[in-house]
Undergrad: 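Mind looking over this structure? Questions follow.
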There are 2 protein chains.
Amino acid sequence: MSTARATYRHGDLRRSLIEAGVALAREGGPDAVVLREATRRAGVSPNAAYRHFADRAELVEAVSDAAQGAAAAAIEAELADVPAASDVPSAQERLRAVGIGYLRFARDEPGLFRVAFGVPGNLDRAFEAEKAGPGGSSPFALLAGTLDDLVRFGALPAERRPAAELLAWSAVHGLAMLVLEGPLHELGEEIRVMAGRRVVEMVVRGI
Amino acid sequence: MSTARATYRHGDLRRSLIEAGVALAREGGPDAVVLREATRRAGVSPNAAYRHFADRAELVEAVSDAAQGAAAAAIEAELADVPAASDVPSAQERLRAVGIGYLRFARDEPGLFRVAFGVPGNLDRAFEAEKAGPGGSSPFALLAGTLDDLVRFGALPAERRPAAELLAWSAVHGLAMLVLEGPLHELGEEIRVMAGRRVVEMVVRGI
DNA sequence: CCATCATGTGTACACTGTCCACAATCGCAC
DNA sequence: GTGCGATTGTGGACAGTGTACACATGATGG
């Protein structure tokens, strides 16, 4: 943390920098992840960061991974409330839970959300461990799992399964971004909750 | 443009700065709209900008308005290809056109798109004239119009009309953002087109 | 014709990311 | 142990940014 260290070596500077970056992102989104400020909070000179990250973008990427882990935790928490029965209604309910959890995370942690899902990455890395929550799955993996269930229980025709992640994710992500930093910024709380519910219903109905 | 002016006064500096800002945004999105660079391109000292904008954010906002105008033009172009008949199928076709036009703009002008729809604004201003395309309507207004048609022709129950903009917009905007600067960055062209079509279908079916 | 006011200039400051040369320390071969 | 090489952190520097303050210029209305 911010304890002025006695030793020349820091111990685990990389982790400290990521933690400081997460704290910054929490308060101001991706742009607030300032390399110099992170080193300051880690009690270290600015250049020390370059021993662990090639440049600022790489630090932000690591922070983004951590933020995706937090998002996964929020989704897992929402999923925990719905019984894991092996039938269509409960599979649909789990899909709703994933969407609601995603939106809840966006509302509760807007800064983290933006750094998690508003920073260029690639699809190949969507499943990797750095982005996982406590349960070991990344947000993308959680969504994919519920869609697989929908297919297994016959609620989603197999030929519509490919790229179905994109549909579900797009709808929910779009609402979150529009509300967080887009033209819907000043929407009232109750309208946002209502819109969230209806977007999720649109996905369940239209996927 | 970049012609070194002879006179002390500039003439229409505000407009020049916005145009320079649009050019910058086109190449690099919102972060590329650099106040000093805009003044440089306008052939003027950095501080001159402060006679027309309170700060950088205000310049970016003006650039965003202009970019939304360009988006409206793209949507209008897409709408122009579908006959304006007064029946359900053609109203649905117009809704598709709005979505496809939006996605096309995102693909053709990613920088402008991000400055248009990734910058905090508010819903109150969504319809105002600065954001309008050649046809005089803002992107939001174009969408609202097609949704009104859907209600008029009986394809959308009136009780589902409120906030239906949010549903349609969210789905399409989400896909665009995920592909442009989110985790779906490296998706292939054909997958993106396919995903676009399917998202639009999901909206038509699920709204 | 001159005063006023809008508009553009110059200088300055704090802040950022990043480069370079140097210093301290850890860990391993002998 | 001892010395040495690789890691990791430091210090100083530079270009670039947004923006504040005082000043210069020139168009305009009395």
Side-chain angles (χ1 to χ4, degrees), chain A residues 1-64 111 114-115 118-120 181, chain B residues 1-64 111 114-115 119-120:
Chain A
M1 311 293 268
S2 58
T3 64
R5 71 192 193 288
T7 66
Y8 182 84
R9 295 306 234 279
H10 177 282
D12 195 353
L13 180 54
R14 182 184 166 88
R15 182 161 307 277
S16 292
L17 288 175
I18 294 179
E19 282 174 10
V22 166
L24 289 169
R26 170 175 277 124
E27 295 168 8
D31 291 350
V33 180
V34 169
L35 190 144
R36 288 179 98 108
E37 176 63 19
T39 60
R40 223 171 281 137
R41 296 193 180 193
V44 112
S45 91
N47 286 323
Y50 288 87
R51 300 297 168 188
H52 301 274
F53 305 97
D55 54 12
R56 174 181 177 274
E58 215 169 76
L59 168 61
V60 172
E61 200 177 320
V63 171
S64 175
R114 283 159 51 200
V115 82
V119 152
E181 54 177 335
Chain B
M1 311 292 270
S2 57
T3 63
R5 71 194 195 286
T7 64
Y8 183 85
R9 290 313 187 34
H10 177 282
D12 195 353
L13 181 53
R14 181 185 168 88
R15 182 159 307 277
S16 293
L17 289 176
I18 293 179
E19 282 174 9
V22 165
L24 289 170
R26 169 174 278 124
E27 295 168 7
D31 291 351
V33 180
V34 169
L35 191 145
R36 288 178 98 110
E37 176 63 21
T39 60
R40 221 170 283 139
R41 296 194 181 191
V44 111
S45 91
N47 286 324
Y50 288 88
R51 300 296 167 188
H52 302 275
F53 305 97
D55 53 13
R56 174 181 176 275
E58 214 168 77
L59 168 61
V60 172
E61 199 177 323
V63 171
S64 174
R114 283 159 51 202
V115 81
V119 153

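Convention: sequence-line order gives letters A, B, ...; per-chain numbering from 1.
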Undergrad: Give the minimum heavy-atom separation between B:Arg114 and B:Gly28, together with the two atoms involved.
TA: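 That would be NH2-O, 4.0 Å.
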Undergrad: Shorter than 3.5 Å, N or O on both sides, protein versus nucleotides 18-22 of chain C: list them out with atom names.
TA:
residue: C:dT18; atom: OP2; partner: A:Tyr50; partner atom: OH; Å: 3.1
residue: C:dT18; atom: OP2; partner: A:Arg56; partner atom: N; Å: 2.8
residue: C:dT18; atom: O5'; partner: A:Tyr50; partner atom: OH; Å: 3.2
residue: C:dT18; atom: O4; partner: A:Arg36; partner atom: NH1; Å: 2.9
residue: C:dC19; atom: N4; partner: A:Asn47; partner atom: OD1; Å: 2.5
residue: C:dC19; atom: N4; partner: A:Asn47; partner atom: ND2; Å: 2.6

Undergrad: To the nearest Å, give me how far apart CG (A:Leu17) and C1' (C:dG17) are.
TA: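 Distance, rounded to whole Å: 14 Å.
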Undergrad: If only atom types and distance count, is the side chain of A:Ser64 paired as donor or acceptor with the main-chain N or O of A:Val115 below 3.5 Å?
TA: yes
Undergrad: Any idea which heavy atoms bring A:Ser16 and A:His10 closest together, and the distance?
TA: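 The pair with the smallest heavy-atom distance is OG-CE1, 3.0 Å.
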Undergrad: First and last nucleotide of DNA chain D in contact with chain B, 5' to 3', at under 4.0 Å to a heavy atom: what are they?
TA: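 Endpoints of the contacted stretch of DNA chain D: D:dT17 to D:dA27.
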Undergrad: Can you name the atoms? Protein N/O to nucleotides 3-6 of chain C N/O, anything below 3.5 Å, with the distance.
TA:
residue: C:dA6; atom: N3; partner: B:Arg9; partner atom: NH2; Å: 2.7

Undergrad: Taking the axis from the first five pairs and the axis from the last five, what angle separates them in the helix from C:dC1-D:dG30 to C:dC30-D:dG1, rounded to 10 degrees?
TA: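 The helix from C:dC1-D:dG30 to C:dC30-D:dG1 shows an end-to-end axis angle of 0°.
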Undergrad: Is A:Arg40 touching bases, backbone alone, or none of the nucleic acid, heavy atoms closer than 4.0 Å?
TA: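 Answer is sugar-phosphate: A:Arg40 comes under 4.0 Å of backbone atoms only.
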Undergrad: Apply salt bridge (charged side-chain N to carboxylate O under 4.0 Å, His left out) to B:Arg56 and list each qualifying residue two or more places apart in sequence or on a separate chain.
TA: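 So B:Arg56 forms no salt bridge (charged side-chain N to carboxylate O under 4.0 Å, His left out) with any residue.
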Undergrad: Please walk me through it: do A:Glu61 and A:Phe53 pass side chain to side chain contact (heavy atoms under 4.5 Å, CB included)?
TA: CA-CA 10 Å; A:Glu61 200 177 320; A:Phe53 305 97; over 6 Å; no
Undergrad: Does B:Tyr50 offer a backbone N or O that forms a donor-acceptor pair with the side chain of B:Asn47 under 3.5 Å?
TA: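 No; judged by distance alone, with no hydrogens or angles, the pair does not exist.
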Undergrad: Any idea which heavy atoms bring B:Val63 and B:Ile18 closest together, and the distance?
TA: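 Closest approach of B:Val63 to B:Ile18: CG2-O, 4.0 Å.
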Undergrad: Would you name the heavy atoms of B:Ala42 and B:Leu17 that are closest together and state the gap between them?
TA: CB-CD2, 4.0 Å
Undergrad: Identify the two heavy atoms, one from B:Leu35 and one from B:Pro46, that lie closest to each other, and give their separation to 0.1 Å.
TA: CD2-O, 3.8 Å
Undergrad: Whole-Å distance between C:dT16 P and A:Arg41 CZ?
TA: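 That distance rounds to 11 Å.
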Undergrad: With no hydrogens and no angle check, is any side-chain donor or acceptor of B:Arg14 less than 3.5 Å from a backbone partner on B:His52?
TA: yes
Undergrad: Got a sec, which pairs hit salt bridge (charged side-chain N to carboxylate O under 4.0 Å, His left out) with one end in residues 31-40 of chain B, sequence neighbours left out?
TA: B:Glu37-B:Arg40, B:Glu37-B:Arg41
Undergrad: Report the distance from atom CG of B:Leu24 to atom CD of B:Glu19, rounding to the nearest 0.5 Å.
TA: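 Answer rounded to 0.5 Å: 12.0 Å.
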Undergrad: Return the minimal non-hydrogen interatomic distance between B:Val33 and B:Gly21, and the atom names on each side.
TA: CG2-O, 3.8 Å
